[in-house]
Protein chains: 2
Amino acid sequence: MLTEKRQRVIEKYLDEHDLCQVIELCHLTQTSESTIRRDLIQLEKAGVLTRVHGGARSIRDFSRDVSQHVRFGRNHQAKIAIARYAAHKVQPGSYIFIDAGTTTYEMVPFLAQIRDLTIVTNGLETALCALGHQIETILIGGRIKADTHAGVGTFALKQLATMNFTASFIGANGLDVQGHLMTPEPEEAAIKAAEMAQAQTTYILMDASKIGERHFVTFGQANQATIVTSQLSQAAKAAIPADIRLEEAIYS
Amino acid sequence: MLTEKRQRVIEKYLDEHDLCQVIELCHLTQTSESTIRRDLIQLEKAGVLTRVHGGARSIRDFSRDVSQHVRFGRNHQAKIAIARYAAHKVQPGSYIFIDAGTTTYEMVPFLAQIRDLTIVTNGLETALCALGHQIETILIGGRIKADTHAGVGTFALKQLATMNFTASFIGANGLDVQGHLMTPEPEEAAIKAAEMAQAQTTYILMDASKIGERHFVTFGQANQATIVTSQLSQAAKAAIPADIRLEEAIYS
DNA sequence: AGTTTAATTCAAAAAAGTTCAAGTTAAATC
DNA sequence: GATTTAACTTGAACTTTTTTGAATTAAACT
């Protein structure tokens, strides 16, 4: 492949994905890491992208560190599979809520094709990503948490209370055998509860590693929602409550 | 094959493909690499194409040059000077509003040192930047405009109506001799008006090039605020309304 | 700590530049 | 009209430069 061509592929890929790993580009262009690194150095010098540890970021992507951790995180493949699966539930013309968080963030690219879609979110990165995909986006404001970049607090709750969603897609950090949906942080829990309350249908996105885990605050009951998760281990299956709607997203 | 004919074929192929390899052209024209190289040298000299290692690229292809957008917009230095000047107006312990926009965005780094500061903004990038500087941040939600990434609309206005700021820092696109503060977009104008209404003191940030410019919507009167701008040209001075508080930020 | 990613270095491979002999063409000469 | 010569084009052989991938060392992240 021509150097020129390869660098264009990289540019295009970065335009679409905002962030990418060196390895991804190797597979994409069928070249070695050395070559990709050299390309990235050149492209950075040309002002097309910014190099970050492990890959590169689009120059006009402000979401920086958080989404970087999103992309390079551990169960990334599982999260994408869950997100893709969940995205299939979305109907054209609907108003959906996308919770702040890494798994739900991954839904956005899969939503880009759906017609007349409006997404509402309290995640800054999610909003920016959606805008980048030409999706009509409404952001829940409020105090922004420094670690997760999620809108929380009374301002957020008040704004949420006036909205009604076709469906909410919410991340959770834990699910126990009694069907408690849990998260470590009270303010985020309050928001998640409101997100559920305002939705006709709720989907909880959580990878299998979180089933059986317990956290400080319960924000809802599992039987009020559909759980979308990755392939379950035997241990995870034992920890699932009885009266539950659970769907496994299979990925290869 | 005639040289003339061969070069015509190369041109045509390049018009269609933007980019091509020497080998491709050899097959296409049934000639040796030497010949193709000689053709490419000639055609490059004629300004038809640009040679790259391994092939050539159409001169008409500007997708490459677009990437020269290391564009920190036009008056970047002036904007930083204005932002620095405006930031000095901020007192510790205050609640201030920072409007979405490039000039106001530049204030954020200068605000990082100020103790007990809470900033409220309707700009996504501004919020992320502030969070990055460990500043307590509240975001105004609402529909997010795709071009400016600013929160607008009724959701935003409603949320704003409940807040009160020590000071608002707002960008403007135009100021005429009657003291009209103007911006091109009605929805943003409505937000800017609300930002002014909720503030004890308003600072309008605009570089000198915008003084004398007119735009579609007026969102406020200059005598209700302090204008912070860059060094004024003679033309700009002539366009300034009489009853105005205006401060020039000097930069070297 | 240990693991992953990046920078550096070097040899192999690919491509470009260079040179030259053979082939073409066209005008000039016989 | 045929032959010669000069100008030009072409393809191959060779050298130089650029690009590439692997190996090693250094740095960064968890």
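Every heavy atom of this structure was used, including side-chain atoms; hydrogens, water molecules and symmetry mates were not. Chain letters run A, B, ... following the sequence lines, proteins first, then strands; residues in each count from 1.
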Heavy atoms under 4.0 Å is the rule here; annotate nucleotides 11-27 of chain D 5' to 3' with B where the base is hit, S where only the sugar-phosphate is, and - elsewhere. BB-----SSBBB-----
Under the ring-ring contact (aromatic ring centres under 6.0 Å, His included) definition, can you give me all pairs with a residue in residues 15-59 of chain B, not counting sequence neighbours? B:Tyr13-B:His17
Please enumerate all protein N or O atoms sitting under 3.5 Å from an N or O of nucleotides 24-27 of chain C, with distances to 0.1 Å.
none

Which residues pass the side-chain contact (heavy atoms from CB on, under 4.5 Å) test with B:Arg51, not counting sequence neighbours? B:Leu40, B:Ile41, B:Glu44
Could you tell me the separation between the CD1 atom of A:Ile41 and the C1' atom of C:dA6, rounded to a whole number of Å? 9 Å
If each of A:Arg37 and B:Val22 is mapped to the nucleotide of DNA chain C with the nearest heavy atom, which maps nearer the 5' terminus, i.e. the 5' end? A:Arg37
Without placing hydrogens or testing angles, list every side-chain donor-acceptor pair under 3.5 Å for residues 238-248 of chain A, not counting sequence neighbours.
residue: A:Asp243; atom: OD2; partner: A:Asn223; partner atom: ND2; Å: 2.9
residue: A:Arg245; atom: NE; partner: A:Thr226; partner atom: OG1; Å: 3.0
residue: A:Glu247; atom: OE1; partner: A:Tyr85; partner atom: OH; Å: 2.5
residue: A:Glu247; atom: OE1; partner: A:Lys89; partner atom: NZ; Å: 2.8
residue: A:Glu247; atom: OE2; partner: A:Lys89; partner atom: NZ; Å: 3.4
residue: A:Glu248; atom: OE1; partner: A:Leu232; partner atom: N; Å: 3.3

A:Glu136: which residues meet the side chain to side chain donor-acceptor pair (under 3.5 Å) condition with it, sequence neighbours left out? none
To the nearest angstrom, how far is A:Glu4 atom CD from C:dA15 atom P? 15 Å
Which angle, to the nearest 10 degrees, lies between the helix axes at the two ends of the helix from C:dA1-D:dT30 to C:dC30-D:dG1, each defined by five pairs? 20°
With sequence neighbours left out, what residues match A:Gln134 under side-chain contact (heavy atoms from CB on, under 4.5 Å)? none
In chain order, what residues pass the side-chain contact (heavy atoms from CB on, under 4.5 Å) check against B:Thr35, with sequence neighbours excluded? B:Arg6, B:Thr31, B:Ser32, B:Arg38, B:Asp39
Taking atom P of C:dA14 as reference, at what distance in whole Å does atom NZ of A:Lys5 sit? 21 Å
Is there a donor-acceptor pair under 3.5 Å between the side chain of A:Asp99 and the backbone N or O of A:Phe169? no
Taking atom C1' of C:dA15 as reference, at what distance in whole Å does atom CD1 of B:Ile23 sit? 9 Å
Write out all pairs satisfying salt bridge (Lys or Arg N to Asp or Glu O under 4.0 Å) with one or both partners inside residues 210-226 of chain A, taking only residues at least two apart or from two chains. A:Asp207-A:Lys210
Would you say the side chains of A:Gln224 and A:Thr202 form a donor-acceptor pair under 3.5 Å? no
By side chain to side chain donor-acceptor pair (under 3.5 Å) - contacts of A:Gln178 (at least two apart): none
Hits for side-chain contact (heavy atoms from CB on, under 4.5 Å) against A:Asn173, two or more places apart or cross-chain, chain-then-number order -> A:Thr183, A:Pro184, A:His215
